[in-house]
Structure formats: C-alpha cells, structure tokens
There are 2 protein chains.
Amino acid sequence: MADKITARNEDYSQWYIDLVRSAKLADYSDVRGCMVIRPNGYAIWEKMQAALDRMFKETGHVNAYFPLFIPESFIAKEAEHIEGFAPECAVVTHGGGEELAEKLYVRPTSETIIWSSYKKWIQSYRDLPILINQWANVVRWEMRTRLFLRTTEFLWQEGHTAHATPEESQEEVMRMINVYRTFAEEYMAMPVIMGRKTDSEKFAGAEETYCIEAMMQDGKALQAGTSHNLGQNFAKAFDCQFQTKDSRLDYVWATSWGVSTRLIGALIMAHSDDRGLVLPPKLASRQVVIIPILRGDKAAVLEQADAMAASLKAAGIPAFVDGSEQNSPGWKFAEYELQGIPVRIEVGPRDIEKGICIAARRDTLEKSELQLGETLPGAVQEILDAMQKDMYQKALLFREENTVEASSYEEFKAAVEKGFVIAHWDGTAETEEKIKEETKATIRVLPEEDGYIERYRMNEPGTCIYSGKPAAQKVVFAKAY
Amino acid sequence: MADKITARNEDYSQWYIDLVRSAKLADYSDVRGCMVIRPNGYAIWEKMQAALDRMFKETGHVNAYFPLFIPESFIAKEAEHIEGFAPECAVVTHGGGEELAEKLYVRPTSETIIWSSYKKWIQSYRDLPILINQWANVVRWEMRTRLFLRTTEFLWQEGHTAHATPEESQEEVMRMINVYRTFAEEYMAMPVIMGRKTDSEKFAGAEETYCIEAMMQDGKALQAGTSHNLGQNFAKAFDCQFQTKDSRLDYVWATSWGVSTRLIGALIMAHSDDRGLVLPPKLASRQVVIIPILRGDKAAVLEQADAMAASLKAAGIPAFVDGSEQNSPGWKFAEYELQGIPVRIEVGPRDIEKGICIAARRDTLEKSELQLGETLPGAVQEILDAMQKDMYQKALLFREENTVEASSYEEFKAAVEKGFVIAHWDGTAETEEKIKEETKATIRVLPEEDGYIERYRMNEPGTCIYSGKPAAQKVVFAKAY
C-alpha cells in the first residue's frame, strides 16, 4: 500500500509531492533537477499527446524533428532571446573526446535552430505557410525544482510556424491558444482564462504572448500553455526573407506555441484529493477497475468480473480486473483511489445473485448500483461522462469562489494570498514590479474572453490599485507556480 | 519539381542522399553531424512508432521517461560499458552559468541512468518483472555521418526490463527480437535474418546480443534492431539485489532492446528506386493520391475526385486529391512517385464517362483500370495488400540471389563485394578481425532461424574459410552500414 499522503489543508506542497510519489507518477532522479516520469505518469502524458496531436493535425500541422543542440552563435542572434535563455542553459563543451570549437547549448526552446532551417526552405510565398510541430525534450537549468512543475529537463511540444502576412500569423497564434483552451477544458476538465501577458511576462523574443491560466486548489495560478506572436524577430535574426505575391522581398512572420509535462502537475493540483489522484476520464488510460469480492464460489465471481471487463472493453471502455488474493478488497480500494482510476466496480456473490454490481466514482466517491448484463457499458459510460463534466464544473465553481475584485491595495494584499484578484492596473511595468516585490503576486493575464471580460467588467476604466493613477482596464493578479 | 536523383547503378551512396533530400525526408542541420527530420520523414517514423508501440504494449510493456543526462560516475560503473560509450559521448560541463562539479554525459543509451532508478524500485521478486520502454533521443558523436543511418543525434526506443530469473530474461530477449523481426517483415516488407552477434560485435555490457540483419539493394547489410541479454552486469554495477521467492538475495537479471530512426534509412535502401521513395503501404501515412485530369468540365472532374477520396477515407484508406492547376499532371506524377505515395489514381472526363479510373502502383509502376463506384475502395485495398506482399517477396528474392556460399577465401573476397557470404568460421576473434581488416566484411549474424539454418546448412561442420582450422558452423558475412 501507499505511504501516507499529507492532507492538503495541512501542507499543500507536501501533499503534492507525497501524491506524485505515492501514486508512482514521477520521482527525482540522481541527476540534479531532473525527474523520472514513471509509467503511471507517462500514461497520462501519452493520453495528452494523443489528444493534442490529433488537434494539431486537424488544424493542418505536421510533425518534424530538429537537433537537440544549438550552436552558441545561433542563440545569440536574437538579442532578447539570448538574454532570456542563455543563463539557464546546459552547455556541451566536449564531444567525441575533444573540446569543441563552438559550444553547443542543449535546447531550452528551438526557435533559433528551427529558423536556421526555415531560412533554407523559404524562398517564396509559395513555400508558406510552414506549420510544423515538434515533440521533444528541453532543458532549462533550475535551482529550485518541483516534480512536473519545474524541472531542469521536461518534455513538451513546440509549434513553429512561418507565414506570409502578420494577419495570418496572428490568426495562427489565436487558433493555437484556443486549441490549448479547448484541450484544458474538454480533456483536463480544467477551466482556464485565455488572454495576453504583460510585456514583462512575455516570451523572450516575442511581440506578444497569449496564455491560458488555471487556478490550483490552493488558489495559486498555473500557466498551462502559451502561444507567441514572434513578429519578424526571428526571420530578421536569421535573415529569412521571401518573395511576396506582388514580388517584393519581406521578412517571414512567425509564431511559436507550446505545452509541456507541466500540464500533468496542473492536472494533479486542480483535481486531486487527500486520497490520491483524481483523473478526468478522458485522460485515464484505465477507466474502470473491477474488484471481485472473492467469497463463496470464487471461480464464478472471477468469471463474472472477467465477463464484465470484456463487455466494457468491447464498448471502448478500458477496464481491468484485479482478482489477486494477495491483497484485500480494502487495500485495493485505497490503491486504485490513490492511482485515480475513475470508476471502481465491486462485485461479489450476493451481488451476482441479485444481478447487480456497485460502482464508485473517484471524484465524489459516490456509489451507485448498476444492473449486470448488456446495459452495464452504457451505465458506466454515463458515470464517466458525468464525472468529466462535473469535475470541470467543480473546478469552475472553485475558481469563481476564489476570485475577488479588490478596490484597495489592503484588500488586494489579503485576497491575493488566497486566490485570483481582479484589480485596476495603470499599465506600467513599474507598478507591476512593485506589486510583485511586495506581494509576490504577478499579473497573470489580460483576459481576451468575452464572457470573462463581461462578468468582471475588465474593460471598465478606474483607478490603479497601487499607484492611484488612472487605469484603462482591470487585470488578473495571482501568485503563481 | 525535385532535383535530379543520381541513378543507383551510377553511384548508390549519392542516390541515397539525393533521394533523402529530394523527397524532403531529412536534411543536414547547421549542427555538425545532426540531422533535421523533415515532415515527410517524420511521418514514416510516426507510423513506425505507432505499430511498434502497439506491439510493445501487447507484450506487456509500459512507457516511461528517464533523464537525458547521465553523471560521469554512472557510466563508469559498468567497465565494458564505459569503454564502449565514453569516447563517443557529448559532455555537458556547464549549467545555469556555472561549471558543474560532476560532468554530465548526454545519454548514448540509458542502461546506467535507468538501473540507478531500478535499484530503488526493486526490493523483492514481487516487484518483478519491470517491463519498461522509453521513446527518446540519444547522442553518439560521429565523425562520418549519413542521414538516418549514422548521425550524432538520433531518435529511438529503448526497452529496459528487469527479471527474477535468467530464464525469464532470456525469454524476454527472444520475445523482443521476434517483435522486431515481425515488424521488419510485416510492416517494412523487409526480410531479415534473426540471430546472435559474435562477441566482438555485441553491445558493450551485454552477455549476448541478438539482432536482425537486412540486405540493402547494394548487397550491404544493415543491422535493423538489437535485443541484449545483459545478465546481471548492470544489477551488479548498481548493486541491485532482490529477495527471491525462497528468501535468498540475488542480483536482478536484465535485458535491453532498441530500434531507431536508422530504420527509415533501411526502408529507403531496401525498396526505393531511381524515381524516388517506394514505401510499403503499411508505413505510408498517405496511401493514395488522386490526380484529376482537368479538361472539359473541370468542376465535375474535381467533384468526382473528391467523392472518390471521401469513399476511400470512409473505408479507412488515407487518400487525398491534388487538384491544383499550378502544376501539370506529369509534374504531379513525378512528384508523388518521388514521395512514395503507394497508389496514384488518375481520373479525367473520358474516364468518368466510361465509369473508370486508372490506378498505378508505386513499386511496379503497373497500371490498372478500376471501376468507379462502391467497389473502388475494395479494389484499391487489394492493390495495397498486393503491393505490401510483393515488396517483401521481391526483397527476399533479391537477398537470396545475392547470397553466396563460399568455400575458398578467394571466392569469399569476390562475393563479399556484392552481397552476403555464408562461410565456415573457426569461432576465433582473431580470424574475425583479420577478415575485417582485409575485406572490411564483418560477421553479421549467427542465424537462429530454423528455416535459414536448414536452407544454408549453417550447422554443418567444416573448414574455416580463412584459417583452414576446423569450424563448427557457418556464419553470415557482409560489408555493413
């Protein structure tokens, strides 16, 4: 059985680490700052990859692979980019037993190495757009790490697109941040606020960064995905020009966008509880565990359990039986709650006599009696669908309950310890920086969603919470992971 | 249109490079020895991954992910391993702006980093077996590179399993080399010889290495996959002991097995021709291109083409229409032959009147008339199935025609310039080394397949081709990629 998990209200950080390790999702490795993603954790990543990859392909993208190593001179080509990334890179100085003439950076992100290829591939508007995605590992040296959320190496996808016009690239930026939003809401059952970052929070080398921000159960924000409008910055850095339709020469317009294994951390922090992982069914590789209560005619009970699993699998519901006698049903209940299997079904000799089984859903722990037989898969699917929907609603309600509109800095400081705070901001980097210094809260997002904007009247002018100067709009503040 | 491809009989090496670049499968990058896998090439890798991943899961394996970096001291723990790999590693000496206390090797393979985790996970026989696979990038410094076949960075999968008994680990070794064999034959349409490596050719740290060897169109061999019995070597290096069922302490038994993006090179060299790529249908992400002949009522022809594509897709055959007017049908024929789309369908106004279309299969360039309407998908599927089968048969016939049994060293030297040579070997590393020095040919495999052994009477004793000493068996020699 699992080690004890610290309760959330006792120590939220410790709860998270305990859960990740007890549920065997990930573990620290012997390499400083690097994690091992264990099979239970990697299975979640595979489900995420499959859904995202399908969405990328449906929006016209193809996959490719670019080198892990980036020559130092490439990183240096884009001024803001090197300033942002060089200090956190791992550097290869030797290869094949010899010192290298030029140092190689292990990619922290691939804009530069990719644009050095795009330069060769793009001559004319006919070569555009290029809509490429890459699934890869990246390395950013981290001093303080946390499994999934902040590690020196992590897995991600990075889209890199090239366009003939700024309108097309902006359209792509919005298309992809909306793909991420859909994924977060429909697969992760995690409500997000979509919008822009302030200049100080945007990607090193971007004109504009769009993001989706989610609230964790401790009220902190987590940036769950970003989509960058890179303007012509990288095309200029790599001298990548093309012949336009009307025979002019212009620099190519670029975007990049990515999500990472960080999403697994977000998923855990958004939904899980003191018993362990709570997984939205759409991201569970195993949706149903059947636990036979082995009394009386054990063989008959096992046979019934196997038949139920077969009928569920035939209906497309990944189910499995744990019929081991080594562990008690109670042990199994706890173990599969820890692992976050969405639905547990118990079936014993008396249930079989009555023609029923007991299903328990992981999020609410609610039990219901289901009829055995051909209606079973449909009934289980209904529970799974309800769970997927309810988890989203619960998280949305939680976010709304923990979002406060502050009209004074005192109010702001108290509220930002507990959740999101919506407040007027004068639009200056100075104010943003001061607030960050004093409260550790940052501007998470300038929302771009109509519903959110209306609900919190984000565009209503007012007075800056900090400086008292006029403010054109409200923004969302929070402490963040 | 594509650049001209050098003919195979003119310059086989140049043909390969021309093809890879013209078909936009891969390209050299600006990083020495590293390649860019372009979307056309990566699509093949995705098909390979999907098939292999399914086969791994069907044989009980799960995926996980371990760190890219390996501390120098870990690599050093297994003596043969460090000797084999250290000289070809890329070494990270700086991270986060500071010099590291211990150098980190970019993984050339992951036995050491994985066994440092397994040591923590395994206490008892109840924790065994561990059946983990990892999809990852690895780096081995190469001086002379060739796209897909030999590059400093490449993509692969590496299985790493841990077992309680040597019988179980040997069973796993054979299970996985047979998975590779099935994959090579059924998906890649590439016949392979399965068997053991000699001691000098085995993996650094293995007790025994099994491999599958394929013949390329120039008669050279290509090692397409390996499965290693690691004995207790890595468990001993990492002091990984477990409590056996009968309460003794023993070291864990290990295997590892892998295939890489090298397989894409093998696929090209095994089947392609002077017009470009020839892809077995099972590895083609796009199986059918429909080219409307845009004369007369163009809209009607396009509509017909779209309807055909829709009916093929509905039947599970990935088809697409190229209805662009910018390029001529002739240009399109050449372009899709270059890209290796298995079946091309032409349809024009006169065909539509007659209720037919013309299908051309890529491997034989053979054309056939197909009826339009509901029988079309079935007829196309038949062509695809025949092509998959015929490509295998053709490659098998080629291998048989280019396999020679040599009974003198003179005969051997002449034959090994053209293909595989089966000859008696005295079993010594000295003879093996001498032959390699003098002819560049190596012992590719000691076959373990009954059919192959019988056909070439591999187990018949005789006289060593080189030393004249008694030889217990014959082996397969070839020059290799």
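As a basis for the values below, the full set of heavy atoms in this structure was taken, side chains included, without hydrogen atoms, waters or symmetry mates.
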Pick from His94(B), Arg32(B), Arg38(B): which one has the most heavy-atom pairs with chain A under 4.5 Å?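 Of the candidates given, the most pairs with chain A belong to Arg38(B).
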Which bit of Tyr28(A) comes within less than 4.5 Å of chain B, counting heavy atoms only: side chain, backbone, both or neither? backbone
Please give me the minimum heavy-atom distance between Asp30(A) and Pro71(B), naming the atom from each residue.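 Between these two residues, the closest heavy atoms are O-CG, 4.3 Å.
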Can you give me the closest heavy-atom contact between Cys34(B) and Phe69(A), atom names plus distance?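 Distance-wise, the nearest heavy atoms are SG-CD1, 4.3 Å.
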Determine which pairs satisfy salt bridge (Lys or Arg N to Asp or Glu O under 4.0 Å) with at least one residue from residues 142-152 of chain B, sequence neighbours left out, and list them in order. Glu142(B)-Arg150(B)
In terms of heavy-atom proximity below 4.5 Å to chain A, should [X] be classed as side chain, backbone, both, or neither?
{"X": "Pro87(B)", "answer": "backbone"}
{"X": "Met143(B)", "answer": "neither"}
{"X": "Asn133(B)", "answer": "neither"}
{"X": "Ile132(B)", "answer": "side chain"}

Calculate, to the nearest 0.5 Å, the distance between atoms CD1 and CG belonging to Ile37(A) and Asn63(B) respectively.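 CG of Asn63(B) is found 11.0 Å from CD1 of Ile37(A).
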When only pairs under 4.5 Å are counted, which of Gly33(A), Ser29(A), Pro39(A), Ala136(A) shares the most heavy-atom pairs with chain B? Pro39(A)
Under a 4.5 Å heavy-atom cutoff, which of Glu88(A), Met35(A), Lys24(A), Glu153(A) has the most pairs with chain B?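 Counting heavy-atom pairs under 4.5 Å, the top option is Glu153(A).
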So which bits of residues 42-56 of chain B come within less than 4.5 Å of chain A, counting non-hydrogen atoms only? Tyr42(B), Glu46(B), Asp53(B)
Residues in residues 116-128 of chain B near chain A [non-hydrogen atoms, under 4.5 Å]: Ser116(B), Ser117(B), Lys120(B), Trp121(B), Arg126(B)
Is there side-chain contact between Val31(B) and Ile113(A), with heavy atoms separated by less than 4.5 Å?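 SC-SC contact between Val31(B) and Ile113(A) confirmed.
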Answer whether the closest heavy-atom distance between the side chains of Val139(A) and Leu68(B) falls below 4.5 Å.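 Yes; the side chains approach each other to less than 4.5 Å.
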Give every donor-acceptor pair under 3.5 Å between a side-chain atom in residues 97-110 of chain A and any protein atom, sequence neighbours left out.
residue	atom	partner	partner atom	Å
Glu102(A)	OE2	Glu72(A)	N	3.2
Glu102(A)	OE2	Ser73(A)	N	2.7
Glu102(A)	OE2	Ser73(A)	OG	2.7
Tyr105(A)	OH	Glu72(A)	OE2	3.1
Arg107(A)	NE	Asn137(A)	O	2.7
Arg107(A)	NH1	Tyr65(A)	OH	3.4
Arg107(A)	NH1	Phe66(A)	O	3.0
Arg107(A)	NH1	Pro67(A)	O	3.4
Arg107(A)	NH2	Tyr65(A)	OH	2.8
Arg107(A)	NH2	Asn137(A)	O	3.3
Arg107(A)	NH2	Asn137(A)	OD1	2.7
Thr109(A)	OG1	Glu111(A)	OE1	2.7
Ser110(A)	OG	Gln134(A)	NE2	3.4
Ser110(A)	OG	Glu158(A)	OE1	3.3
Ser110(A)	OG	Glu158(A)	OE2	2.7

